[in-house]
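Below is one structure; the comments refer to it alone.
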Amino acid sequence: MTRHENIPQSKVNSCSLQCGTRYWGKVEVIEKGNNYRINRIEIKPKHGIKQQIHYHRCEHWVVVSGIAKVTCGNQEILLNRNESTFVPPATFHKVENPGFIPLIILEIQNGEYLGEDDTERALDLTAV
């Protein structure tokens, strides 16, 4: 018997449920349930996630490393390590990394529907 055989398996593993690389960085789904999802988001320096809106979920963002420039509705704030913010449903929001090191955020999504088709990006809304 190896020393790891008695360790119970977690829902989490090295690239857990789903990983995705984007031009701005990467996102990893750490855990998900019926009404929640926890993501690890890494944003490259001088990059950001485009403005978007969700109608059926809210999001909580906690900065783990780096500095986040967050726009939520008409409010713009800077968040440092160990600071957080709340994004209510039906609110335009975006996050940028104005710094020189990768920005790492833990994102907790909570709501009745978490599908990607609930995400509308600002550019999508202006297309006719």
Side-chain angles (χ1 to χ4, degrees):
M1 178 184 303
T2 67
R3 65 182 184 147
H4 296 293
E5 286 180 4
N6 289 330
I7 298 173
Q9 290 294 318
S10 167
K11 293 182 189 178
V12 181
N13 60 37
S14 62
C15 198
S16 53
L17 303 170
Q18 180 180 353
C19 292
T21 302
R22 313 287 197 281
Y23 72 92
W24 47 260
K26 57 187 172 182
V27 62
E28 175 185 353
V29 178
I30 297 172
E31 184 177 329
K32 69 180 181 178
N34 290 335
N35 296 322
Y36 75 94
R37 180 170 41 223
I38 303 170
N39 297 322
R40 180 190 182 275
I41 299 173
E42 184 172 325
I43 301 174
K44 297 175 188 176
K46 309 299 181 196
H47 284 76
I49 298 173
K50 292 179 181 177
Q51 188 174 41
Q52 55 188 268
I53 191 169
H54 316 287
Y55 296 100
H56 301 284
R57 70 173 178 245
C58 62
E59 297 176 341
H60 298 265
W61 293 342
V62 179
V63 176
V64 175
S65 178
I67 298 172
K69 179 180 172 185
V70 175
T71 304
C72 186
N74 294 325
Q75 183 182 14
E76 185 176 285
I77 59 172
L78 287 177
L79 296 176
N80 294 295
R81 184 175 56 86
N82 206 29
E83 294 181 330
S84 63
T85 192
F86 174 74
V87 179
T91 305
F92 275 106
H93 59 282
K94 67 179 180 175
V95 61
E96 300 169 82
N97 180 357
F100 297 99
I101 64 170
L103 167 62
I104 300 173
I105 295 173
L106 290 180
E107 174 188 69
I108 298 95
Q109 300 176 353
N110 197 310
E112 60 191 58
Y113 181 70
L114 304 174
E116 280 304 308
D117 57 345
D118 185 41
T119 301
E120 293 181 15
R121 289 174 180 80
L123 293 177
D124 296 343
L125 297 174
T126 59
V128 178

Enclosure of Asn34 CG (heavy-atom neighbours >12, cutoff 6.0 Å):
no
May I ask you to check whether over 12 heavy atoms, not counting those of Lys44, lie within 6.0 Å of atom NZ?
yes
Under 3.5 Å donor-acceptor, His54 side chain and Ala90 backbone:
no
Is the side chain of Lys46 donor-acceptor paired with the backbone N or O of Pro98 at a distance under 3.5 Å, no angle test?
yes
Would you give the length of the straight line joining atom [atom1] of [X] to atom [atom2] of [Y], rounded to the nearest 0.5 angstrom?
X: Lys32; Y: Asn39; atom1: NZ; atom2: CG; result: 9.5 Å
X: Glu59; Y: Asn110; atom1: CD; atom2: CG; result: 10.5 Å
X: Glu42; Y: Lys26; atom1: CD; atom2: NZ; result: 4.5 Å
X: Ile38; Y: His60; atom1: CD1; atom2: NE2; result: 11.0 Å
X: Ile41; Y: Trp24; atom1: CD1; atom2: CH2; result: 5.5 Å
X: Leu103; Y: Ile49; atom1: CG; atom2: CD1; result: 8.5 Å

Hydrophobic cluster membership, with links at side-chain heavy-atom distances under 4.5 Å among I/L/V/M/F/W/Y: are [X] and [Y] in one?
X: Val64; Y: Ile67; value: no
X: Tyr36; Y: Ile30; value: yes
X: Val27; Y: Val70; value: yes

Minimal non-hydrogen separation, [X] against [Y], with atom names:
X: Arg37; Y: Leu114; answer: NH2-O, 2.7 Å
X: Val63; Y: Ala68; answer: CG2-CB, 3.9 Å
X: Ile101; Y: Asn97; answer: O-ND2, 2.8 Å
X: Pro89; Y: Cys58; answer: CD-CB, 3.8 Å
X: Glu83; Y: Leu78; answer: OE1-O, 4.0 Å
X: Tyr23; Y: Lys50; answer: OH-CE, 3.4 Å

Applying side-chain contact (heavy atoms from CB on, under 4.5 Å), run through Arg40 and Ile104 and close with a yes or a no.
CA-CA 7 Å; Arg40 180 190 182 275; Ile104 300 173; 3.1 Å; yes
Evaluate His93 against Gln52 for side-chain contact (heavy atoms from CB on, under 4.5 Å), listing each step before the verdict.
CA-CA 6 Å; His93 59 282; Gln52 55 188 268; 3.7 Å; yes
Side-chain contact, heavy-atom cut-off 4.5 Å: Thr119 with Arg57?
yes
Find out whether Ile105 and Leu79 are in side-chain contact, i.e. whether some heavy atom of one side chain is under 4.5 Å from a heavy atom of the other.
no
Determine the interplanar angle of the His56 and Tyr113 rings, folded into 0 to 90°, and report it as parallel if under 30°, tilted if 30 to 60°, perpendicular if over 60°.
perpendicular
